[in-house]
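Order of the sequence lines sets the chain letters (A, B, ...), proteins ahead of strands, with each chain counted from 1.
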Amino acid sequence: MDEVNALPPEKLQELAKSLPAPAPQREERTGLPPLPGAEKGKVVLRFAPFPSGALHIGNARGVYINDEYRRMYDGKFYVVFDDTIGSAEKKPLKEGYSLILNDLKAAGVEPDAIFYKSDRIERHYRFVPDLLRSGKAYVCTCPAEKLRLNRENGMACPEREKDPDWQVAQWEGMLSGQYRKGEAVVRLKTALDHPNPAFRDRVLLRISEDEHPRVGHKYRVWPLLEYSWAIDDVELGITHVIRGKDLVMEDQMEEALWAALGMKGPHFAHWGMLRVRESKISKSKSMQEVLSGQYDGWTDPRTWSFGSLERRGIRSEAIRSFVLSFGMSLADIEVPAESLYSENRKLLDPVTPRRAFVSDPELVEIKQFPSGLAQIFLPNHPNMPEMGNRKLKVSGGRFYLPGKDVRANMGREIRLKDFLNLRLLAKASDGIVEAIFTSVPNKPVPRIQWVPQEGAKAVSVLMPDGSRVMGYGEESVSDARIGSIFQFERFGFVRLEGNDERDLLQAVFSHP
RNA sequence: GCUCCCGUAGUCUAGUGGUCAAGGAUAGAGGCCUCUCGAGCCUCUGACGCGGGUUCAAAUCCCGCCGGGAGCACCA
């Protein structure tokens with residue numbers, strides 16, 4: 001480059017003529033990258049949650065990427081509950097199914113079909129005898145400890161080379177109850193010197209006598225994730241498996257199984273790990289806190305579940321554009337929630353009515369309050385006159401002001417925003433702050449939020465960290481519909497949830 | 001430790017050999033507007049991890065290093 005630049009201009013001209021015409025302007029790509037081998041109208045995708053609880057913000061990427069590809073290719077989106085029996089640490093939960101389906105509804109994602117792995121167990125069994133007879137798999141009766149040790153050392157377990165009849169007989173023994181939990185497993189034969197020990201003769205099916213929330217004790221032999229998916233992905237006609245990169249090893253395993261079963265499977269694609277900075281907590285950790293009562297259910301804002309975001313007035317479209325903005329990048333990222341809030345603010349700001357709200361309230365009594373002033377009208381939205389006005393009754397001469405502003409301006413003149421000017425005098429022994437009216441027209445003095453004591457509605461705002469902020473809202477918030485979203489001026493967006501038993505209005509903070 | 005993946009501004013992302021002296025978003029700074037600390041408008045700050053190669057030409061290809069992450073279950 002430097003050399004070329006150093007050439008005299010006439011030389012450059014000559015050089016330019018000899019070069020091929022510049023490539024056409026790159027087209028800016030919007031949305032997700034094309035899916036390899038995808039044909040419009042023929043793409044079938046799956047979202048495969050384990051029903052251990054409500055969906056978490058971390059699951060949003062899987063939901064929306066798959067849904068977005070469905071849109072792009074006019075394809076199908078299946079929900080396939082990945083509800084095999086799990087483990088002691090990871091159990092399917094009875095309410096997990098409905099929690100997830102409700103979350104998907106809230107997410108605005110409508111599945112084309114819903115499947116349950118627990119309905120498909122017999123389909124998984126069907127291939128086992130053939131795998132055993134053809135010597136591609138075997139029944140291993142080593143204790144788990146022994147199995148792992150052999151695997152680490154690349155050693156074969158004694159059952160590996162036993163004849164097919166023996167294998168099939170043991171398989172039947174597994175099904176019939178001759179073997180108990182932990183006494184026998186079906187393993188795929190792979191290279192025993194595979195660099196990844198976990199890959200060596202991976203377990204395909206094992207025995208569990210735990211009760212399953214949907215099918216109870218109907219089955220005692222349960223497939224593991226890779227084996228069940230190798231079959232289900234093919235049988236359900238999935239064309240593209242798009243999932244987090246924590247599951248890349250499972251791709252190899254499914255491919256090894258397709259080779260063994262003589263099947264051809266779908267394409268794979270992955271995205272990197274996403275963490276929302278403020279949501280340090282995982283789905284399984286939230287589950288503990290919810291089940292233990294530490295949290296106020298699955299919609300506690302600290303869970304960062306879909307339901308909790310909906311409760312906070314965070315729109316599904318905001319979550320959608322938030323997660324799609326990361327594309328299919330394989331980098332592991334940590335994103336501040338501010339990015340999500342920014343998306344949501346774009347949606348809420350233009351349509352959300354404004355209301356006055358005062359936290360940490362101080363009651364201020366204005367002397368010489370103008371006697372003729374009984375009510376004023378303020379616009380619902382300063383930039384949207386078509387949204388109309390709301391009325392505030394002001395005749396009482398007593399107002400709640402933010403304590404912070406009162407303390408900072410004691411003795412000075414201030415303006416109640418959109419209303420009138422006054423001078424703060426002093427806090428009387430009864431706790432009421434005395435003030436004196438000065439004038440009405442706008443004035444370059446500090447402008448402060450206020451709520452008339454008359455009709456003031458006590459509000460408790462649930463914050464994202466689980467704490468509550470108490471304050472007063474103007475009268476008009478008390479008859480707002482449940483689920484209404486307001487911007488409390490200078491405080492932030494909130495969603496109203498209705499009154500509690502003490503007639504305290506409950507609100508949930510969205511974001512500033 | 002082993003296997004795999006990833007390194008573009010504070011954060012996220014576009015970019016796949018040539019108008020890329022790097023685009024967008026968000027955050028930050030300043031200004032305008034606004035009787036919100038919100039929104040809007042304008043301006044600005046700010047990045048190709050490092051070192052070698054290949055090439056006329058490298059963010060882009062190759063190698064090494066450094067840094068981050070994931071996986072390494074009879075969980076999903």
Could you state the [atom1]-[atom2] distance from [X] to [N], rounded to the nearest angstrom?
X: A:Leu192; N: B:rC72; atom1: CG; atom2: P; result: 20 Å
X: A:Met253; N: B:rU3; atom1: CE; atom2: C1'; result: 15 Å
X: A:Leu401; N: B:rC35; atom1: CG; atom2: P; result: 20 Å
X: A:Leu55; N: B:rA76; atom1: CG; atom2: P; result: 18 Å
X: A:Lys91; N: B:rC75; atom1: NZ; atom2: C1'; result: 11 Å
X: A:Gln449; N: B:rC37; atom1: CD; atom2: P; result: 9 Å
X: A:His194; N: B:rC4; atom1: NE2; atom2: P; result: 9 Å
X: A:Glu152; N: B:rC74; atom1: CD; atom2: P; result: 11 Å

### Task
For nucleotides B:rC50 and B:rC37, find the distance between their C1' atoms and express it as a whole number of Å.
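Looking at atom C1' only, B:rC50 and B:rC37 are 43 Å apart.
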Does any donor-acceptor pair link the side chain of [X] with the base of [N] at a separation under 3.5 Å?
X: A:Arg354; N: B:rU36; result: yes
X: A:Lys417; N: B:rC35; result: no
X: A:Asp332; N: B:rG7; result: no
X: A:Glu343; N: B:rA25; result: no

May I ask you to say what [X] touches in the nucleic acid, namely base, sugar-phosphate or nothing, with a heavy-atom cut-off under 4.0 Å?
X: A:Leu225; answer: base
X: A:Pro143; answer: base
X: A:Thr84; answer: sugar-phosphate
X: A:Gln252; answer: nothing
X: A:Arg415; answer: base
X: A:Asp82; answer: sugar-phosphate
X: A:Val185; answer: base
X: A:Gly272; answer: nothing
X: A:Pro382; answer: base
X: A:Arg151; answer: sugar-phosphate
X: A:Ala331; answer: sugar-phosphate
X: A:Leu247; answer: base
X: A:Asn196; answer: sugar-phosphate
X: A:Lys346; answer: sugar-phosphate

### Query
Is the A:Phe326 to A:Trp271 ring centre distance short of 6.0 Å?
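No: the rings miss the under 6.0 Å criterion.
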If you check every side-chain atom of [X], which of [options] has the closest atom?
X: A:Leu224; options: B:rA76, B:rC72, B:rC35; result: B:rA76
X: A:His381; options: B:rC35, B:rG38, B:rC74; result: B:rG38
X: A:Leu330; options: B:rC75, B:rC5, B:rC35; result: B:rC5
X: A:Ser329; options: B:rG71, B:rU13, B:rC5; result: B:rU13

Do the charged groups of [X] and [Y] touch, with an N to O distance under 4.0 Å?
X: A:Glu338; Y: A:Arg277; answer: no
X: A:Asp349; Y: A:Arg354; answer: yes
X: A:Arg243; Y: A:Glu254; answer: yes
X: A:Glu343; Y: A:Lys346; answer: yes
X: A:Asp360; Y: A:Lys404; answer: no
X: A:Arg46; Y: A:Asp233; answer: yes

### Task
Report yes if a side-chain nitrogen or oxygen of A:Arg345 is closer than 4.0 Å to either non-bridging phosphate oxygen (OP1 or OP2) of B:rG38; otherwise report no.
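Answer no for this pair, as no side-chain N or O of A:Arg345 is under 4.0 Å from OP1 or OP2.
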### Task
Return no unless some side-chain N or O of A:Arg243 is found under 4.0 Å from OP1 or OP2 of B:rA76.
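No, outside the criterion.
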#### Entry: Most 5' of A:Pro336 and A:Pro350 on RNA chain B, judged by nearest nucleotide
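Per heavy-atom nearest nucleotide, the more 5' residue is A:Pro336.
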### Task
Please figure out whether A:Ser87 or A:Glu338 has its closest RNA chain B nucleotide nearer the 5' end.
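Going by which nucleotide is closer to the 5' end, it is A:Glu338.
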